[in-house]
Amino acid sequence: MIRKAVLPVAGFGTRCLPASKAIPKEMITIVDRPVIQYVVQEAVEAGIRDIVLVTHGSKSAIENHFDKHFELEASLEAKGKEELLEELRSIVPDDVNIISLRQAEPLGLGHAVLCARPVIGDDEPFAVLLPDVLVDDTGLERNDLAGMLEAFEQTGHSQLMVEEVPHELVYKYGIVAPQGEPPAPGGGCPLAGVVEKPAVEESPSDLAVIGRYVLPGRIFPLLAETPPGAGNEIQLTDAIETLRREEGVDAWRMRGRTYDCGHQLGYLEAILAYGRRHPRYGQGFRELLSRYSHED
C-alpha cells in the first residue's frame, strides 16, 4: 500500500505576486485554512501517512504550520477554547508524519522530486501532489487520489491524474494522448504520450494533467540521469516519458474538479466553492454573495 507522498513547495510563487512576496503561496488561505492544509488533508484521506515537504529556507511558515505550537495550545486550553484547540490538533493526525527537506536551488520540478529520494528510496512507490492545485472531491465516497493509488496497485503502471478541459483551452495545458478511447471518469487507460500546450486543432484529447502523480521509486535514478530540459531545469515529465517508453504510464481520469490556486481567478473560485458550503461560515457567505450579486 502506498503510504508516502511528496509535496514540492520550494517555488517562489511568482504567479501569486505580490501576495506571495513575504508569505509562501501555499500559506494563502482559502476561507479559514491555508491551501497546503487542504492538499495534505487530501493525501491523508487517501491513506498517505508520510508527507514529504520539499521546501526552501524562506518557507519556514509551512513547516511551522504543521508543527506543534505548545504555547498557543496551552493558552487555548487554559481559556477553555476547546473547539479551537481541537482544530489545531487535528491539522496533523497522530498517525501522520510531516517530513521536511530542503531544495537548495530551484532546478525544476524533477529536481524537487529527486530531493525526496533519501526518504522514499528507489524501491517504494509514492504520490506527488502539486500544492498549487486543489482537488475538490465533495460528495464522492472516496477521493480521486485514493482511486488513482488503487489503480497503480492493480496495474503496476505509473499514473497521471487528468481532468477534461474545454477544447478551446487545451493550449494552456499538458494534454495526454490516450491509446484508444479516453477513459471514463474514475477509470484509466494507457498513454501514447503527453503533448505540452498543443495547438487547439492538433490536440490529441481534451484531458489535461493536473498535478497529481503516482510513481515507482525507479523514477529517482531516471531523474538523476535526466539532463536539464525546458528552462534549463530537470523536468519530471522527461523522466515520466522514459518510464512510459520502457514500461507504460496510464492516465487516470478524475471525478471531482480542480481549482488552480496558483492563479488569482482560480484562487477566487476556490474561495467561492469552499466558502459557500463551509459549516461555520457558509450561510453568512451565501448571504454576502446574494447581496453583492445585486450591486453593480
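Since the model is a prediction, treat every value here as computed from it, not as a measurement.
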By the definition side-chain contact (heavy atoms from CB on, under 4.5 Å), identify the one residue from Leu109, Leu114, Thr226 that meets it with Leu236.
Leu109
Checking side chain to side chain contact (heavy atoms under 4.5 Å, CB included) for the pair Thr237/Val194: CA distance, chi angles, key distance, verdict?
CA-CA 8 Å; Thr237 51; Val194 180; 5.8 Å; no
Would a hydrophobic clustering, with Ile, Leu, Val, Met, Phe, Trp and Tyr connected at side-chain separations under 4.5 Å, put Val35 with Phe66?
yes
Of all heavy-atom pairs between Tyr259 and Ala273, which one has the smallest distance, and what is that distance?
OH-CB, 3.2 Å
Contacts of type salt bridge (charged side-chain N to carboxylate O under 4.0 Å, His left out), residue Arg255, not counting sequence neighbours
Glu141, Asp144
Let me check something: do Val135 and Val6 share a hydrophobic cluster, defined by ILVMFWY side-chain heavy atoms less than 4.5 Å apart, either directly or through other members?
no
Quick one, Cys261 and Asp132 - any side-chain contact, counting heavy atoms below 4.5 Å?
no
Audit row: Val249, His157, side chain to side chain contact (heavy atoms under 4.5 Å, CB included) steps and yes/no:
CA-CA 5 Å; Val249 171; His157 288 173; 6.0 Å; no
What I'd like to find out is whether the side chain of Leu85 reaches to under 4.5 Å of the side chain of Glu73, using heavy atoms alone.
yes
Are more than 12 heavy atoms from other residues, nucleotides or ligands located less than 6.0 Å from atom CG of Asp95?
yes
Heavy-atom pair of closest approach, residues Thr155 and Gln159:
OG1-NE2, 3.3 Å
Min side-chain heavy-atom separation Pro24-Val9 under 4.5 Å:
no
Donor-acceptor contacts, no H, no angles, side chain residues 26-33, under 3.5 Å, sequence neighbours left out:
unit_1, atom_1, unit_2, atom_2, d
Glu26, OE1, Lys59, NZ, 2.9
Glu26, OE2, Lys59, NZ, 3.2
Asp32, OD2, His278, NE2, 2.9

Would you check if Phe285 and Ile271 make a side-chain contact, meaning some heavy-atom pair closer than 4.5 Å?
yes
Just wondering, are more than 12 heavy atoms of other shown residues or ligands nearer than 6.0 Å to NZ in Lys197?
no
Around Glu82, counting heavy atoms of other residues, nucleotides and ligands shown, do more than 12 lie under 6.0 Å from its CD?
yes
At their closest point, which heavy atom of Ala43 faces which heavy atom of Leu145, and how far apart are they?
CA-CD2, 3.8 Å
Going from CG on Leu88 to CD on Glu86, what distance comes out if it is rounded to the nearest 0.5 angstrom?
9.5 Å
Is a side-chain N or O of Ser290 found less than 3.5 angstrom from the main chain of Arg286, in a donor-acceptor match?
no
Do Leu243 and Pro216 come within less than 4.5 Å of each other through their side chains, counting heavy atoms only?
yes
Applying the 4.5 Å side-chain criterion to the ILVMFWY set and letting contacts propagate, would Val39 and Met148 be lumped into a single cluster?
yes
To the nearest 0.5 Å, what is the distance between CG (Leu169) and CD1 (Ile175)?
9.5 Å
Passes salt bridge (charged side-chain N to carboxylate O under 4.0 Å, His left out), Arg15 versus Asp260? Steps please.
CA-CA 11 Å; Arg15 290 197 302 164; Asp260 180 3; 3.1 Å; yes
Should the pair Glu163-Arg257 be classified as a salt bridge under the 4.0 Å nitrogen-to-oxygen rule?
no
Can you list the residues that meet the side-chain hydrogen bond (donor to acceptor under 3.5 Å, both in side chains) rule with Glu241, with sequence neighbours excluded?
Arg244
Point-to-point distance, once rounded to the nearest 0.5 Å, from CG of Asn143 to CG of Asp137
5.0 Å
Between Arg277 and Tyr274, is NZ or CZ placed under 6.0 angstrom from the six-membered ring centre and within 45° of the ring axis?
yes
Look up atom CE in Met1 and atom CG in Leu149, then write down how far apart they are to the nearest 0.5 Å.
7.5 Å
List, one per line, each side-chain donor-acceptor pair under 3.5 Å for residues 204-215, sequence neighbours excluded.
unit_1, atom_1, unit_2, atom_2, d
Ser205, OG, Val176, O, 2.6
Ser205, OG, Leu207, N, 3.1
Asp206, OD1, His167, ND1, 2.7
Arg212, NE, Glu42, OE1, 3.3
Arg212, NE, Glu42, OE2, 3.0
Arg212, NH1, Leu130, O, 3.0
Arg212, NH2, Glu42, OE1, 2.9
Arg212, NH2, Val133, O, 2.7

The reported gap from CG in Asp122 to CZ in Arg117 (rounded to nearest 0.5 angstrom) is 4.0 Å
Step through the shown structure and confirm whether more than 12 heavy atoms of other residues, nucleotides or ligands are within 6.0 Å of CD on Glu168.
yes
Would you say that more than 12 heavy atoms from the other residues, nucleotides or ligands in this model lie under 6.0 Å from the CD1 of Ile23, or not?
no
If a pair satisfies salt bridge (charged side-chain N to carboxylate O under 4.0 Å, His left out) and one of its residues is in residues 219-235, list it, with sequence neighbours excluded.
none
Smallest heavy-atom separation, Gln103 atom then Ala10 atom, equals OE1-CB, 3.3 Å
Set out, in order, the CA-CA distance, both residues' side-chain angles and the distance that settles side-chain hydrogen bond (donor to acceptor under 3.5 Å, both in side chains) for Glu45 and Gln41, then state yes or no.
CA-CA 6 Å; Glu45 289 177 354; Gln41 182 179 353; 3.0 Å; yes
Leu160 with Val113, same ILVMFWY side-chain cluster at under 4.5 Å:
yes
Output all residues satisfying side-chain hydrogen bond (donor to acceptor under 3.5 Å, both in side chains) with Arg142, sequence neighbours left out; order by chain, then residue number.
Glu150
Can you tell me how far CD of Gln283 sits from CG of Leu288, rounded to the nearest 0.5 angstrom?
11.0 Å
Check the hydrophobic clustering (I, L, V, M, F, W, Y; side-chain heavy atoms under 4.5 Å; chains of links allowed) and say if Ile91 and Phe70 are grouped together.
no
Heavy-atom pair with the smallest gap, counting every atom of Cys115 and Arg102
SG-O, 4.3 Å
Given the rule in the side chain to side chain contact (heavy atoms under 4.5 Å, CB included) test, do Leu222 and Arg218 qualify, once you have shown the distances and angles that lead to the verdict?
CA-CA 7 Å; Leu222 294 178; Arg218 207 177 84 73; 3.9 Å; yes
Closest heavy-atom contact between Ile2 and Ala127?
CG2-N, 4.2 Å
Are more than 12 heavy atoms, taken from residues, nucleotides or ligands other than Arg276, located less than 6.0 Å from that residue's CZ atom?
no
